[in-house]
Amino acid sequence: MTDRPAPSSPSPRPPRPAATLVVVRDAITGPEGLEVLLLRRAERGDHNSGAWVFPGGLVDAGDREAAMCSSGLSDTQANARLGVTEGARDYFVCAVRECFEECGLLFADGPLPDAHTAMHWRRQVHCGELAWADLCTRAGWTLRLDRLAYLSHWLTPLGRAKRFDTRFFVAVAPAGQAAVHDEHETVEHAWLRPAEALSRGTDFKLMTPTRVTLELLARFQTCEALMDWARAPRQVALVMPRVGQGPEGERPVMPEEPAWAEIGRLDPLGHGHVSYALVPGVPVRLSERVIRVTAPNGSLMTGPGTNTYLVGGGAANRWTVIDPGPDDEEHVRAVLAAAPGPIEAIVLTHSHKDHSPASQALSAATGAPVWGRWPAHPQGQDPRLALDRELQHGERLVCSSETHLRVLHTPGHASNHLCFLLEEEKLLFTGDHVMQSSTVVINPPDGDMAAYLASLRGLLDEGLEWLAPGHGFLMAQPAKVIEALVAHRLRREALVLEATLALGPASVARLRERVYTDIPSALYAMAERSLLAHLIKLQTEGRVRQDEAGWSAA
């Protein structure tokens, strides 16, 4: 069994405040585009050694004193931009100081020193021999904090020995100044187009925040466009990667990756033992009551494979299987091996061929009855489906004395589709009603778009806390996920209606060309089935009509 909770350990140390300044300029030679300044860290025996980074470092007490030598940004304005109650200007001042220390670029009004004096001052400030505020006063500098725009907010993953709460800023390189690395913390520097830096391969070491920032910068052709975007009102979300294990070894997992929420649930202290990949046949303990085994049937339509869940435990150690999966002997053996105790029931979310066929072999091996619902139409269904009992909406299944599943009939993807609510954890086993990283196909006549949307909306009243999909990892914030799915379908429906107005009468294939412009050709057939489901819904509502020539707006 993998991913059991790690032994408890002391709470991690609070992260230390830090600031980073991304310096950009419009390309001097070659085609149009912006360039960004990158510095190569000296070899120090830590994970940053040799990495190409932006100027940055820890906020220190002297940065607050040096804020008195700044202009263009008040405490109130700085706090509002960073979303804090106090101390925001310290981050801006730190970013300016670290940029001067590490590459010699100074965002300030006042006389610039010669190169020799500048390097001497930089080293003095770095070693603590000269306070930053004292230098600004002596040199007659006024730090121009208004030249910096707030870019992003990063928090080092839990479990790291050193953790930083880093605010990233961006600024256009000051005119008439040349970058010079300090030959101490940084041993090389380069101005590169973001895409060029990203394409240099593994020898060009980039830390995760640097890589993600470069990907962002690559979207902009000019410094003006980048700065306009950065200065515009927007919500800057905190980004905290989580460390996981997988085929690429240990690595940070970003919030947009499928495994991120699950890693946080299973590894709250950041030990780094949870997998960011779904490995067929390897059981994963999701809680005291839930174990997941993924089938080896990954494909374009099934994603990483179909998930089989074992639910139960307790003093009697009794288990119920949800969705035994495809007819695959290897997967059935894996499910049997993963069960800590006797399997006493098998329940089906629906009877499509990647979810129910293994029920026969599993039932034969365990003697467990198979429960589910019969489909209204045979299309795409398991032809060998055999049920011992038909489940009803609202029925409550006792998996153990401490574990109960409530049956929710959720037609839409299939007429007989069920979700199962684990009441003790407010966790919903969604089958194909909600999938991760994939849109559910609604395939008439068994698939029904109106029923699907109604079923989704009905789940919003259940107070859900987690989703356990038939394909993918555990998903957090169920209400947000479900509302986004409904909104996506309604946007697609609006495009369908618009296409019938513009093209009608038109065939489903012709409408698909206009409505589904964002999918690969391999998905055209399935897209046309979902598009037909939209048309049938709109026809029922009297908004479109069909005749021999095709579909038109009513």
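A heavy-atom distance below 4.5 Å is not found between the side chains of Leu151 and Phe54. The side-chain heavy atoms of Thr210 and Trp52, taken from C-beta on, include no pair separated by under 4.5 Å. For the pair Met475 and Thr430, the minimum side-chain heavy-atom distance is 4.5 Å or more. Considering only heavy atoms from C-beta on, Leu143 comes within 4.5 Å of Cys136 through its side chain. Counting heavy atoms from C-beta outward, Arg265 and Ser287 have side chains that approach closer than 4.5 Å. Looking only at side-chain heavy atoms (C-beta outward), Glu513 and Leu503 stay at 4.5 Å or farther from each other. Side-chain contact check for Leu456 versus Val434: some heavy-atom pair is nearer than 4.5 Å. Contact check for Asp90 versus Pro17: no side-chain heavy atoms found under the 4.5 Å cut-off.
A donor-acceptor pair is defined here as one N or O able to donate and one able to accept, closer than 3.5 Å; such a pair exists between the side chain of Thr500 and the backbone of Leu497. Remark: side-chain polar atoms of Asp165 are not paired, donor with acceptor, to backbone N or O of Leu155 under 3.5 angstrom. A donor-acceptor pair is defined here as one N or O able to donate and one able to accept, closer than 3.5 Å; such a pair exists between the side chain of Asn307 and the backbone of Pro469. Proximity of a side-chain donor or acceptor of Gln436 to a complementary backbone N or O of Phe473 within less than 3.5 Å is detected. Arg242 places a side-chain N or O within donor-acceptor distance of the main-chain N or O of Trp260, the cut-off being under 3.5 Å. In this structure, Gln124 contributes its side chain and Glu129 its backbone to no donor-acceptor pair below 3.5 Å. Between the side chain of Asp134 and the backbone N or O of Thr137 there is no donor-acceptor pair closer than 3.5 Å. Formation of a donor-acceptor pair under 3.5 Å by the His189 side chain with backbone atoms of Ala179 is found in this model. With hydrogens and angles disregarded, no donor-acceptor distance shorter than 3.5 Å links the side chain of Asp109 to the backbone of Arg144. A donor-acceptor pair under 3.5 Å links the side-chain atoms of Lys205 to the main chain of Ser49, judged by distance alone.
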Check step by step if side chain to side chain contact (heavy atoms under 4.5 Å, CB included) holds for Val486 and Arg489.
CA-CA 5 Å; Val486 172; Arg489 293 292 181 170; 5.9 Å; no
Could you check Glu250 against Arg160 for salt bridge (charged side-chain N to carboxylate O under 4.0 Å, His left out), going step by step and ending with a plain yes or no?
CA-CA 12 Å; Glu250 182 181 280; Arg160 296 298 197 195; 3.3 Å; yes
Report the C-alpha distance between Arg163 and Leu158 in whole Å, list the side-chain angles of each, state the deciding distance to 0.1 Å, and finish with yes or no for side chain to side chain contact (heavy atoms under 4.5 Å, CB included).
CA-CA 8 Å; Arg163 300 189 66 226; Leu158 292 168; 3.6 Å; yes
Chi angles and distances behind the side chain to side chain contact (heavy atoms under 4.5 Å, CB included) call for Arg89, Asn79
CA-CA 7 Å; Arg89 269 209 302 179; Asn79 292 338; over 6 Å; no
Walk me through whether Glu483 and Lys480 qualify under salt bridge (charged side-chain N to carboxylate O under 4.0 Å, His left out).
CA-CA 5 Å; Glu483 288 168 354; Lys480 183 178 179 180; over 6 Å; no
Between Leu286 and Leu266, does the side chain to side chain contact (heavy atoms under 4.5 Å, CB included) criterion hold? Intermediate values first, please.
CA-CA 7 Å; Leu286 301 175; Leu266 302 186; 4.1 Å; yes
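Ring-plane geometry between Trp141 and Trp121 is classed as perpendicular, the angle between the planes exceeding 60 degrees on a 0 to 90 degree scale with a lower cut at 30. Ring-plane geometry between His116 and His120 is classed as parallel, the angle between the planes falling under 30 degrees on a 0 to 90 degree scale with a further cut at 60. Classification of the Trp229-Phe220 ring pair by plane angle, with boundaries at 30° and 60°, yields tilted. Between Tyr452 and His433, the ring planes lie perpendicular to each other; the angle is over 60°, past the 30° to 60° tilted range.
Arg231 CZ: more than 12 foreign heavy atoms inside a 6.0 Å radius. Dense packing is recorded around CD of Gln177, with more than 12 heavy atoms of other residues, nucleotides or ligands lying under 6.0 Å away. Atom CZ of Arg40 sits in a crowded spot, with more than 12 heavy atoms from other residues, nucleotides or ligands closer than 6.0 Å. The neighbour count for Glu541 CD, taken as heavy atoms of other residues, nucleotides or ligands under 6.0 Å away, is above 12.
Taking all atoms of both residues into account, the shortest heavy-atom contact from Ala197 to Phe204 is O-CD2, 3.6 Å. Arg147 and Met227 get closest at one heavy-atom pair: O-CE, 4.0 Å. Considering every non-hydrogen atom in both Pro157 and Pro241, the closest pair reads CB-O, 3.2 Å. What you find for Pro174 and Phe107 is that their closest heavy atoms are CD-CZ, 3.5 Å.
A cation-pi arrangement is found for Arg492 relative to Tyr516, the charged atom lying closer than 6.0 Å to the ring centre and inside a 45° cone about the ring normal. A cation-pi arrangement, defined by a distance under 6.0 Å to the six-membered ring centre and an angle within 45 degrees of its axis, is present between Arg167 and Tyr91.
Under a 4.0 Å N-O distance rule, the pair Glu215/Arg211 qualifies as a salt bridge.
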